[in-house]
Amino acid sequence: MTGYDGFSEGGRPMARYIRHACVFCALLLAALLANALRVQVVQSRAYDGNPANRRSAIARYQQPRGNILVDGRPVTGSVDTGEQLRYERAYPDGPLYAPVTGFASQKYGTTFLEHTEDGVLSGSDPLLAPLPLWNDVTRGANAGGDVVTTLRRRAQEAAYRGLAGRKGAVAAVEPATGRVLALVTSPSYDPAELSGNDEAVSAAWARLNHDPEKPMLNRAVRQTYPPGSTFKVVTAAAALDAGVVTDLDERTDSPDPYRLPGTTTRLTNEGDGCADVSVRDAFEWSCNTVFAKLGVDVGVRDMTATAQAFGFNDTGLRIPFSVATSTFDPHVDRAQLALSSIGQYNTRATPLQMAMVAATVANGGLLRPPYLVERTTRHGGETLAGSGARPGRQVLRPATAARLMELMAGVVRDGTGTNAAIPGALVGGKTGTAQHGLGNSGVPYAWFVSWAQSEDAPEPQVAVAVVVEDAAADRGEISGGGDAAPIAREVMRAVLGR
């Protein structure tokens with residue numbers, strides 16, 4: 001018994017050591033679990049974003065990217081390089097669609113539709129998974145989905161061909177729906193040059209970013225210009241809705257030249273015969289003096305309200321990528337208001353914004369917000385999400401819109417926009433010459449905004465805005481629609497099928 005008791009007493013320290021060892025091991029295990037939790041949860045974003053971690057990039061480019069479609073045909077593709085980052089983006093008609101697709105680069109990321117629809121195109125959107133949490137369980141990747149655009153190929157090609165490499169942009173929309181039918185900028189570039197991650201891509205990036213012609217600038221939605229006389233559509237709308245003008249054919253009290261209120265500066269016109277002419281004649285022949293005075297008579301409050309109803313000063317416009325804000329300054333004196341009312345001073349607009357103005361007039365005063373994505377689909381064609389269409393808002397009284405359509409039709413029939421006429425169609429338009437540069441020394445921008453309706457159609461089918469930055473014609477020809485109006489005509493013809 002004594003030996004047993006001795007053994008028992010000697011065994012107690014051993015059991016205590018074992019317990020201590022077990023506790024220590026449990027603490028080590030807890031520490032390991034806590035560290036794993038820290039790495040996997042708390043610091044996961046930091047590790048995922050670490051440039052040294054290539055696992056996500058390798059996984060991202062291990063399968064072909066989904067496509068962007070125009071008229072049911074892909075305008076993008078994927079090329080199997082056999083490299084670690086296996087698939088690179090391809091653009092069969094890169095410069096034509098660059099303002100819409102943007103680029104998807106292994107080195108420089110994504111822009112425009114490639115960016116806003118990246119989840120669908122890359123296959124990472126949860127809607128592409130067959131079941132909730134499916135990918136979390138299987139660790140698999142879904143095939144990239146497709147993005148179906150609202151563009152019309154023939155309209156896009158007509159706009160690109162019309163600009164012919166000159167600096168400028170074209171935007172065309174469907175008035176009744178807001179669908180963007182064409183979105184072109186020039187000069188353009190080939191997004192495929194930026195797809196990979198080798199030295200050639202770096203060289204192309206540097207060249208494109210340092211090019212003084214700015215080929216990567218999306219002039220249709222990211223560049224604002226003084227809209228010049230095309231803004232007279234907005235001024236006429238404000239005057240009609242405010243009751244300042246009741247009869248389009250009544251002579252106005254509009255001196256030529258017109259002295260800007262509170263100044264000694266005299267505003268003149270490009271041509272003669274603008275003194276006291278009616279609003280109809282002033283609109284057809286683009287009399288600055290009449291519309292400058294008209295804006296002052298309307299007042300800054302109503303002019304601002306009308307401009308903002310059309311979309312000016314809206315900082316949230318997306319189609320789905322963001323659009324630069326078009327501006328109408330609400331804090332101006334009467335002289336500045338006069339200049340603002342003819343599209344000068346601080347008034348600035350994107351081509352898309354001016355297409356929205358023409359579309360609203362053509363749609364009975366109802367503005368349909370523009371959108372570019374008709375739907376997103378799985379690779380097999382099954383719809384994931386519907387269009388980006390949003391509810392419209394009534395900007396003008398229908399009677400006001402009808403009178404504006406009458407004025408715009410007169411410009412094409414009898415005024416400065418005859419170069420936009422299309423046989424077998426009713427066309428309305430407004431020419432514009434936008435001054436810019438120090439002391440207005442720059443070559444004027446040539447503008448044209450318009451809408452068109454086939455003789456057998458119940459409503460206008462297309463509205464277009466064109467701006468040409470480096471117009472080659474002289475001032476008189478630019479004012480007459482010599483540069484921009486023919487481009488708009490060809491885009492409208494493409495949409496109408498004529």
Side-chain angles (χ1 to χ4, degrees), residues 68-76 91-102 112 149-174 179-193 211 213-223 225 350-352 354-355 358 372 412 417-425 427 429 431-432 445-452 454 461-473 477-478 480-498:
I68 297 171
L69 309 181
V70 173
D71 285 344
R73 295 167 53 191
V75 297
T76 56
Y91 299 91
D93 294 301
L96 177 61
Y97 293 105
V100 175
T101 64
F112 299 119
T149 71
T150 60
L151 293 180
R152 300 276 290 274
R153 179 180 292 271
R154 290 183 62 187
Q156 187 82 359
E157 290 173 345
Y160 189 78
R161 187 169 55 247
L163 286 170
R166 293 175 293 174
K167 282 191 290 186
V170 179
V173 299
E174 187 176 66
R179 291 186 178 97
V180 177
L181 304 179
L183 202 67
V184 169
T185 186
S186 177
S188 190
Y189 73 106
D190 187 355
E193 292 186 274
D211 189 331
E213 299 297 298
K214 298 182 179 179
M216 295 178 69
L217 173 61
N218 191 335
R219 291 173 164 85
V221 296
R222 294 284 173 85
Q223 178 70 36
Y225 303 86
T350 62
L352 180 62
M354 294 313 298
L372 189 54
V412 175
T418 55
N419 281 340
I422 301 172
V427 179
T431 56
Y445 298 145
W447 272 96
F448 193 73
V449 300
S450 60
W451 50 263
S454 294
Q461 298 128 289
V462 58
V464 182
V466 178
V467 63
V468 181
E469 290 189 35
D470 53 353
E477 186 63 16
I478 294 169
D483 288 88
I487 299 173
R489 179 190 64 220
E490 294 309 304
V491 174
M492 292 186 291
R493 286 181 60 188
V495 174
L496 300 182
R498 293 184 179 274

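The basis for the numbers below is simple: all heavy atoms, side chains too, and nothing from hydrogens, waters or symmetry mates. Nothing fancy with the numbering, it's 1 onward along the sequence.
The heavy-atom pair separating G482 from N419 by the smallest distance is CA-ND2, 3.9 Å. The shortest non-hydrogen separation linking P191 to P95 is CD-N, 4.3 Å. Listed here is the closest heavy atom pair of L151 and D71: O-OD1, 3.4 Å. Here the closest heavy-atom approach between residue A98 and residue S188 is recorded as CB-OG, 3.6 Å. Nearest heavy-atom pair, A420 versus V412, reported as atom, atom and distance to 0.1 Å: C-CG1, 4.1 Å. When every heavy atom of D483 is checked against every heavy atom of A446, the shortest pair comes out as CB-CB, 3.9 Å.
Formation of a donor-acceptor pair under 3.5 Å by the Q156 side chain with backbone atoms of L96 is found in this model. Put simply, the side chain of Q461 gets close to the backbone of S454: a donor and an acceptor are under 3.5 Å apart. The main-chain N or O of G417 is never found under 3.5 Å from a side-chain atom of T431 such that the two would form a donor-acceptor pair.
Checked for salt-bridge contact, E157 and R154 miss the test: no charged N lies under 4.0 Å from a carboxylate O.
In this structure, the separation between CD1 on I422 and CE on M492 is 4.5 Å, given to the nearest 0.5 Å. Here OG1 of T418 is found 10.0 Å from CZ of R489. Values are rounded to the nearest 0.5 Å.
Looking at R222 and T185, their side chains never come closer than 4.5 Å, going by heavy atoms from C-beta outward. Within the 4.5 Å cutoff, side-chain heavy atoms of P187 are placed close to those of K167. Between R153 and R73, the closest side-chain pair of non-hydrogen atoms falls below 4.5 Å. Taking 4.5 Å as the limit, some side-chain heavy atom of R179 sits within range of a side-chain heavy atom of L181. Within the 4.5 Å cutoff, the side chain of R219 has heavy atoms near those of the Y225 side chain. Under the 4.5 Å side-chain criterion, counting only non-hydrogen atoms from C-beta, T149 is in contact with V70.
For Y91, the side chain to side chain donor-acceptor pair (under 3.5 Å) partners at least two apart in sequence or on another chain are E114.
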task = Please lay out, stage by stage, how I68 and V75 fare under the test side chain to side chain contact (heavy atoms under 4.5 Å, CB included).
result = CA-CA 6 Å; I68 297 171; V75 297; 4.1 Å; yes
inquiry  = With side chain to side chain contact (heavy atoms under 4.5 Å, CB included) as the criterion, how do T150 and V173 come out once you've worked through the C-alpha distance, each side chain's angles and the decisive distance to 0.1 Å?
reply    = CA-CA 9 Å; T150 60; V173 299; over 6 Å; no
